[in-house]
Undergrad: 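Below you will find the structure I want to go over with you.
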Amino acid sequence: MELFNTLTRRKETFQPRERGKVRIYVCGPTTYNYIHLGNARPLVFFDTVRRYFIYRGYDVRYIQNFTDVDDKIINRALEEGADPLELAGRYINEYFKDADALNVLRADRHPKVSEHMPEIIALIEALVQNGSAYVVEGSVYFEVRKFAGYGKISGRTLDDMRAGARVDVDPCKRDPMDFALWKAAKPGEPAWDSPWGKGRPGWHIECSAMALKYLGPDFDIHGGGFDLIFPHHENENAQSEAATGKPFVRYWLHNGFITVKEEKMSKSLGNFFLVREILARFPPELVRFFLLSTHYRSPLDFDDQKLSAAGRGLERIKTSIRLLSEVLAKEADGRVPGVAGDLNFRIDGIKSSFEKAMDDDLNTALAIGVIFELTREVNTAVKRVGAAVAPQDAEIFRKAMDLFINFNEVMGIFKTDSGGKKMLFDSTGGGEGSDTVAKLVDLIVEVRGEARKKKDWATADRLRDGLRELGIIIEDTPQGARRKKP
RNA sequence: GGCGACAUAGCCAAGUGGUAAGGCAGAGGACUGCAAAUCCUUUAUUCCCCGGUUCGAAUCCGGGUGUCGCCUCCA
């Protein structure tokens with residue numbers, strides 16, 4: 001497998017620290033608000049990375065933190081008159097609602113800053129003791145000039161950055177680029193005891209402490225958005241390597257931005273869409289499909305029209321899976337096999353194309369193209385099926401269904417039943433609601449069938465149009481009417 | 001000012017040296033009572049522009065233009 005490593009700016013062959021195991025840390029949200037679509041991209045992408053490693057048979061350990069101690073949380077809590085930790089906890093719960101809707105698997109651990117003060121303090125102590133950090137009036141700063149590798153993640157030197165950066169005037173710092181590991185407490189802020197007095201951790205140290213605790217040094221993959229490269233990951237790397245004397249991360253992966261009208265979606269520009277706002281208008285499977293339809297390092301422009309266009313493509317995939325289920329229900333002895341021969345011939349090639357795409361730096365866009373290839377092959381074979389399917393053909397169709405299921409295990413687009421063997425669509429069936437409603441719809445469809453037999457097209461069309469207005473689509477097939485929701 | 005990324009059809013989008021995947025939209029056809037769904041065919045002599053390297057470049061090199069991002073909280 002090839003991964004583009006931000007550290008070297010090249011694709012590299014993936015070699016894990018331990019054979020057959022992958023250790024992944026992804027920067028999770030600072031929980032002072034609901035997540036927006038830009039926050040959702042890394043969630044969905046790295047969840048897909050994780051799923052692909054599982055698919056490939058790796059033992060995966062996946063950690064995603066919550067930053068629940070932070071300036072923004074404190075400010076927000078002040079505005080609302082709430083307790084900062086209580087507020088953060090509330091948004092953690094809300095985070096899970098959105099992530100679950102997007103079919104993002106729970107991490108093996110979701111560590112919180114507030115629950116890792118001893119580890120954070122120990123790490124800072126180590127940095128003070130080995131001379132990488134210094135203490136000024138109850139705060140501790142990391143001294144960037146002491147760390148030779150500073151700048152290697154973001155690809156710039158300290159002198160580059162000095163040139164134009166808005167310089168922090170904090171007179172406590174020995175170098176403007178030095179950053180806080182520990183901030184002395186200000187009145188009214190949450191604070192913890194430390195060797196330097198009451199205070200709280202700086203922004204970057206928590207990820208170092210938690211990643212090192214759960215994954216150890218030199219772990220395999222660290223992920224996040226491009227905007228975390230500097231300063232967050234630069235600093236995280238510097239302090240971690242300075243503390244342990246060992247490499248921190250083998251592969252740094254960074255996803256591109258979601259944009260709106262070609263501009264980065266961000267809170268400060270006010271051009272963001274909350275995940276829950278979008279989910280109120282579009283199905284979650286479509287949002288996930290849309291996020292994966294572009295390579296993760298490219299920017300992805302969001303608007304309703306693009307999402308809708310993607311939706312029509314996704315519908316083709318769903319239709320194909322539906323058709324396959326129908327075919328599999330028609331298995332019968334005594335039929336002469338042969339309708340699925342071509343499909344059988346293609347399946348292995350499609351599977352390896354998919355894996356090849358994912359092996360090449362997690363190219364989900366290409367992989368989705370391969371899924372469309374499977375869709376076309378399946379549909380072509382399904383077209384030849386009559387009233388029944390021979391067991392030999394059914395076997396081939398089952399293989400195709402298994403392939404859809406495999407692909408979905410990786411992409412995570414459709415929710416599945418508890419056994420993971422059946423994909424649940426948001427919009428199957430028709431006639432939802434009460435039993436009575438379902439029976440009424442059955443009755444209407446039946447009456448329409450009788451009208452068609454009598455070539456009473458006016459009545460048949462009126463019933464079909466009427467049902468469509470109620471959100472129930474009728475499609476006529478040689479074997480009778482098929483119903484679905486749009 | 002420093003650093004970096006990107007520029008492929010009406011739209012979205014893969015493709016890093018061998019002659020332009022895929023999806024949406026459009027056109028034609030098959031199927032259908034009509035639809036829908038599905039299938040087939042078709043839609044970029046060409047990949048922002050100009051030079052160069054090469055038998056051969058969307059792909060490499062140089063220059064230009066444009067867009068975006070990071071350098072400050074941000075996924």
Undergrad: Applying side chain to side chain donor-acceptor pair (under 3.5 Å), run through A:N65 and A:Y25 and close with a yes or a no.
TA: CA-CA 8 Å; A:N65 70 294; A:Y25 186 93; 3.2 Å; yes
Undergrad: To the nearest 0.5 Å, how far apart are CZ in A:F96 and OG1 in A:T31?
TA: 10.0 Å
Undergrad: Under the criterion of centre distance below 5.5 Å and interplanar angle below 30°, is A:W457 classified as stacked on the base of B:rG33?
TA: yes
Undergrad: Could you give the CG-to-P distance, from A:L300 to B:rU67, as a whole number of Å?
TA: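 It works out to 21 Å between those atoms.
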Undergrad: Looking at A:R464 and B:rA35, is any side-chain donor or acceptor paired with a base atom of the opposite kind under 3.5 Å?
TA: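 Answer is yes: a donor-acceptor pair is held.
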Undergrad: Counting Watson-Crick and G-U wobble pairs only, both distances under 3.5 Å, name the nucleotide matched with B:rC31, or none.
TA: none
Undergrad: For nucleotides B:rG18 and B:rA57, find the distance between their C1' atoms and express it as a whole number of Å.
TA: 9 Å
Undergrad: Report yes or no: is there a donor-acceptor pair, N or O only, under 3.5 Å between the side chain of A:N363 and the base of B:rG15?
TA: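 No such pair is found, so the answer is no.
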Undergrad: Indicate, with a heavy-atom threshold strictly under 4.0 Å, whether A:I258 touches base, sugar-phosphate, or nothing.
TA: base
Undergrad: Which of these nucleotides, B:rC12, B:rC70, B:rC34, is closest to any side-chain atom of A:D461?
TA: B:rC34
Undergrad: When you get a sec, tell me which of B:rA75, B:rU16, B:rC70 is the closest nucleotide to the side chain of A:K267?
TA: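 Closest nucleotide among those given: B:rA75.
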Undergrad: Base, sugar-phosphate, or nothing: which does A:I474 touch, judged by heavy atoms less than 4.0 Å apart?
TA: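 A:I474: base contact, heavy atoms under 4.0 Å.
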Undergrad: Are any of A:R316's side-chain N or O atoms less than 4.0 Å away from OP1 or OP2 of B:rG23?
TA: yes
Undergrad: Out of B:rC70, B:rG69, B:rA14, which has the shortest distance to the side chain of A:F230?
TA: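 My answer, after comparing the listed nucleotides, is B:rC70.
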Undergrad: Distance check, C1' atoms only: B:rU16 and B:rA7, in whole angstrom units.
TA: 15 Å
Undergrad: Once you apply the 3.5 Å cut-off to both distances, tell me the Watson-Crick or G-U wobble partner of B:rA44, or none.
TA: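 Base-paired to nothing in any strand shown.
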Undergrad: Do you know which of A:D175, A:T157, A:N237, A:N235 makes side chain to side chain donor-acceptor pair (under 3.5 Å) with A:Y150?
TA: A:N235
Undergrad: For A:R448 and A:L366, find the nucleotide of RNA chain B closest to each by heavy atoms; which residue's nucleotide sits nearer the 5' end?
TA: A:L366
Undergrad: Partner of B:rC73 by Watson-Crick or G-U wobble geometry, both contacts under 3.5 Å, or none?
TA: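 No nucleotide pairs with B:rC73.
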Undergrad: Just the rounded figure in Å: distance from P of B:rC31 to CD of A:E475.
TA: 19 Å
Undergrad: Rounding to the closest angstrom, what is the interatomic distance between B:rG23 and B:rG64 at atom C1'?
TA: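 Between the two C1' atoms, the distance is 34 Å.
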Undergrad: Might you work through the salt bridge (charged side-chain N to carboxylate O under 4.0 Å, His left out) test for A:D476 and A:R448, ending with a clear yes or no?
TA: CA-CA 11 Å; A:D476 294 314; A:R448 178 172 174 272; 2.8 Å; yes
Undergrad: Assign A:H295 to base, sugar-phosphate, or nothing according to its heavy-atom contacts below 4.0 angstrom with the strands shown.
TA: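 It contacts sugar-phosphate atoms only.
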Undergrad: Where the side chain of A:T319 is defined as all heavy atoms beyond and including C-beta, which of B:rA75, B:rG22, B:rU38 is the nearest nucleotide?
TA: B:rU38
Undergrad: Nearest whole angstrom, please: distance from the P of B:rU59 to the CG of A:D360.
TA: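 After rounding, the reported distance stands at 19 Å.
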Undergrad: Could you work out the separation of B:rU46 and B:rU8 based on their C1' atoms and round it to a whole Å?
TA: 9 Å
Undergrad: Under the salt bridge (charged side-chain N to carboxylate O under 4.0 Å, His left out) criterion, do A:R482 and A:E326 qualify, and how do the steps go?
TA: CA-CA 10 Å; A:R482 171 189 300 133; A:E326 288 179 17; 2.8 Å; yes
Undergrad: For RNA chain B, find the residues of residues 221-229 of chain A with a heavy-atom distance under 4.0 Å and give them by number; none if there aren't any.
TA: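 Heavy-atom cutoff 4.0 Å gives A:G224, A:G225, A:D227, A:L228.
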Undergrad: For A:K11, run the salt bridge (Lys or Arg N to Asp or Glu O under 4.0 Å) check against A:D359, A:D361, A:D360 and tell me which one passes.
TA: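 Filter result, single survivor: A:D360.
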Undergrad: What is the separation between atom CZ on A:R9 and atom C1' on B:rC3, rounded to the nearest whole Å?
TA: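 After rounding, the gap between these two atoms is 10 Å.
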Undergrad: Check side-chain contact (heavy atoms from CB on, under 4.5 Å) between A:S139 and all other residues, then give those that pass, not counting sequence neighbours.
TA: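 If we apply the side-chain contact (heavy atoms from CB on, under 4.5 Å) test to A:S139, skipping adjacent residues, the hits are A:Y141, A:A184.
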Undergrad: Would you kindly give the CG-to-P distance between A:L269 and B:rC68, to the nearest whole Å?
TA: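 Distance check: A:L269 CG to B:rC68 P gives 11 Å.
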Undergrad: I need the A:L362 CG to A:T48 OG1 distance, nearest 0.5 Å.
TA: 8.5 Å
Undergrad: Provide the distance between the two P atoms, one in B:rU54 and one in B:rC49, to the nearest whole Å.
TA: 22 Å
Undergrad: With respect to the side chain of A:R312, which nucleotide from B:rG33, B:rA25, B:rA13 is positioned closest?
TA: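 Closest nucleotide to the A:R312 side chain: B:rA25.
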Undergrad: State whether A:T477 places a side-chain N or O below 4.0 Å from either non-bridging phosphate oxygen (OP1 or OP2) of B:rA36.
TA: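 No, A:T477 has no side-chain N/O under 4.0 Å of OP1/OP2 on B:rA36.
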Undergrad: Atom CG of A:D342 to atom C1' of B:rC40: distance rounded to whole Å?
TA: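 After rounding, the gap between these two atoms is 15 Å.
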Undergrad: Output the distance between atom OG1 (A:T294) and atom CG (A:N255), rounded to the nearest 0.5 Å.
TA: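 Output value for this atom pair is 12.0 Å.
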Undergrad: Return whichever of A:C27 or A:T259 has its heavy-atom-nearest nucleotide of RNA chain B closer to the 5' end.
TA: A:T259
Undergrad: If pairing requires Watson-Crick or G-U wobble contacts with both distances under 3.5 Å, which nucleotide is the partner of B:rG4?
TA: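 Across all strands, the one nucleotide that pairs with B:rG4 is B:rC68.
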Undergrad: Residues from residues 374-385 of chain A sitting under 4.0 Å of RNA chain B, heavy atoms only?
TA: A:R376, A:N379, A:T380, A:K383
Undergrad: Quick check: any donor-acceptor pair below 3.5 Å linking the side-chain of A:R452 to the base of B:rG33?
TA: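 Answer yes: a donor N or O sits under 3.5 Å from an acceptor.
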Undergrad: A:L323 vs A:V378, test: side-chain contact (heavy atoms from CB on, under 4.5 Å). Steps then yes/no.
TA: CA-CA 9 Å; A:L323 291 172; A:V378 164; 5.6 Å; no
Undergrad: It should be established whether A:K264 places a side-chain nitrogen or oxygen under 4.0 Å from OP1 or OP2 of nucleotide B:rC70.
TA: yes
Undergrad: Is the Lys NZ or Arg CZ of A:R156 less than 6.0 Å from the centre of A:F230's six-membered ring, within 45° of the axis?
TA: yes
Undergrad: Measuring from the side chain of A:H36 (C-beta onward, heavy atoms only), which nucleotide among B:rG33, B:rC71, B:rA75 has the closest atom?
TA: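 Closest nucleotide to the A:H36 side chain: B:rA75.
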Undergrad: How far does the C1' atom of B:rU43 sit from the matching atom of B:rU59, given to the nearest Å?
TA: 24 Å
Undergrad: B:rA14 and B:rA9: how far apart are their C1' atoms, nearest whole angstrom?
TA: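 Per the computed distance, 14 Å lies between those C1' atoms.
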Undergrad: With A:R200 as reference, evaluate A:I74, A:V113, A:I120 under the side chain to side chain contact (heavy atoms under 4.5 Å, CB included) test and give the passing residue.
TA: A:I74
Undergrad: Would you verify whether the NZ or CZ of A:R41 falls within 45 degrees of the ring axis of A:F257 while also being under 6.0 Å from that six-membered ring's centre?
TA: no
Undergrad: Could you tell me which nucleotide pairs with B:rA36 by Watson-Crick or G-U wobble geometry, both distances under 3.5 Å, or answer none if nothing does?
TA: none
Undergrad: Could you tell me which nucleotide pairs with B:rG56 by Watson-Crick or G-U wobble geometry, both distances under 3.5 Å, or answer none if nothing does?
TA: none
Undergrad: Given atom CZ of A:R156 and atom P of B:rG69, what is their separation to the nearest angstrom?
TA: 15 Å
Undergrad: For A:K454 and B:rG33, give me the distance from atom NZ to atom P, rounded to whole Å.
TA: 18 Å
